[in-house]
Protein chains: 2
Amino acid sequence: MSILTAAADVFRCFSRTRHDVTVTDLVSLLGMPKSNASRLLRAMRDEGLLETVGDSKRYRPSLLLAQVGQLYRFAASLIDRADAVVGRVSDQIGHTGYISVRRGTEIIGVTAHPGRHALRVVTSIGDRIPAFASSTGRALLARLSDAEVRALYPEGFTAPSQTAPRDMDELLVRLAETRRAGFAESHDEAVRGVRAISVGVGDPTTGDEVALCISFPAATVEPGERLAIIRSLAEGAAEIAALTQDKRFFPLNLSNAETAP
Amino acid sequence: MSILTAAADVFRCFSRTRHDVTVTDLVSLLGMPKSNASRLLRAMRDEGLLETVGDSKRYRPSLLLAQVGQLYRFAASLIDRADAVVGRVSDQIGHTGYISVRRGTEIIGVTAHPGRHALRVVTSIGDRIPAFASSTGRALLARLSDAEVRALYPEGFTAPSQTAPRDMDELLVRLAETRRAGFAESHDEAVRGVRAISVGVGDPTTGDEVALCISFPAATVEPGERLAIIRSLAEGAAEIAALTQDKRFFPLNLSNAETAP
DNA sequence: AACTTAAGTTCCATTTATTAGAACTTCTTT
DNA sequence: AAAGAAGTTCTAATAAATGGAACTTAAGTT
């Protein structure tokens, strides 16, 4: 067991609600002896991985981490490209846009573009939501085969809301529809009154896959505006897919069903 | 010598021009045996500190790092507050704004707001510039005593441009002027034709100190506009200083000299 | 101001990980 | 198919990490 494990665990202790940690935090969160916690935090600070807050006993992520983390966006150029598309669409229509990645059965927001409208969806980056119960998640799951999706959920799942898929069969039907139409849609799933449109795209050379999503209040968006969102998002994603030569990309395929939901 | 040292060194290998590293990169950059480089990269990936790019032998920062690094801004909430002020001023006047921190004798950009004008200053975050030869640097150095500034430069320095301080005595004079006026100014220092206005502010409870800066082309900015920038920046910084009870804050003090430069 | 408790640090012998070099494998180039 | 480059695995020697207890410091409490 390398000390890198412990260091990575320390990083995982930080969250939106925990911006700094102390020796006792580590003892209770990670269950390590406080002698180790004390030395670990000091060692990580000495190496520049953490900073002490003032001259207190509190430790927070360092500037180095902020800089290296920032590079992630550029390193993963797919994210950068997808972010540009979502930013453009979000600016154009005024609704909140964000891009997400999948880690196992979870979807994690990577970048966000807050909308301009007074009533808008607020998503903060770093949030984790279940993949099967969101449009972003299904846009990404649709890129897997049915067998791979089944393998992700060996013990099934329980739907968190009325409109989410209730079981694996229902999920696979929704994924098939996502593949056919070229986009995924959710309504009242994670947040009541919120509708979201998502498109998945990947980069075969890096193996990265991201979901582009626009999220908006269901009540105030006209059918025509919804169609415009779908078209813009799909068009932008298609450009990226062409660039990366993404073979698993599902192009937009609007039928009567989608034009009048 | 802990493996944390090596891990931190790996992080420091990443830069704007190097988004991923290989075993041989580490060998040449850090001078370590390639057996160590190989195992280190794999260990860091296994712990979630790095990711492999696709299925290649290239390693890049991980999503975890991006998330933890993102928290730096909130952990150091002074940065967030200062960023809000600079963003507001930048939006208002259309010129590039950024906030920076000092690490020893270097200034590092943390967040940036690109201006709207066709001719604008482009500063990318993560850039390092010498503290004594920039307005941001002097805004932060002014918060130290003369003795502390001397201690920072035991062997003096050499001026990189005509308008930068040539020696310690000249620097201390400029710092005294910065303290009196409540802001620092540079002209043709880091970049020819560029003028910058900076104000420093700190948070005594965390020990953080940041510089708020607006940077603009010297030729196209009228004296009145320059004064407006100074006033907006100083006002925003003063609000932060009041909030954090920053006792080392130097309030704006405009004399004839500043109003007609 | 003395007491009490909580939080953090240092010490120690023991256990465990890390190191550097060489041999080995795999991938690329010609 | 051969040669070279890049990466991985192996080894014993070396160095670091561990956890328990003793110790120090800080923060309340009476």
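This structure is a prediction, so every number in the text was calculated from the model and none was measured. Order of the sequence lines fixes the chain letters, A, B, ..., with proteins taken first and strands second; residue numbering starts at 1 for each chain.
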Hey, mind stepping through R45(B) and E51(B) against salt bridge (Lys or Arg N to Asp or Glu O under 4.0 Å) and telling me if it holds? CA-CA 5 Å; R45(B) 186 208 47 197; E51(B) 296 179 350; over 6 Å; no

As a quick check of understanding, evaluate salt bridge (Lys or Arg N to Asp or Glu O under 4.0 Å) for D208(A) and R102(A), giving each step before the final call. CA-CA 9 Å; D208(A) 291 327; R102(A) 180 177 64 86; over 6 Å; no

Distance-only polar pair, side chains of S145(B) and E148(B), donor-acceptor under 3.5 Å: yes

Starting at atom CG of L41(A), determine the distance to atom P of dT9(C), rounded to an integer number of angstrom. 8 Å

Which nucleotides of nucleotides 10-23 of chain C have their base under 4.0 Å from a protein heavy atom (B), which only their sugar-phosphate (S), and which neither (-), written as one string 5' to 3'? B------SSBBBB-

Mind listing the closest non-hydrogen atom pair of T111(B) and Y98(B) along with its distance? O-CB, 3.1 Å

For the side chain of T24(A), counting heavy atoms from C-beta on, which of dT9(C), dA7(C), dG7(D) is nearest? dA7(C)

Given dA7(C), is OP1 or OP2 found less than 4.0 Å from the side-chain N or O atoms of T22(A)? no

Trace of the salt bridge (Lys or Arg N to Asp or Glu O under 4.0 Å) decision for R81(B) with E239(B): CA-CA 10 Å; R81(B) 291 203 193 102; E239(B) 281 169 18; over 6 Å; no

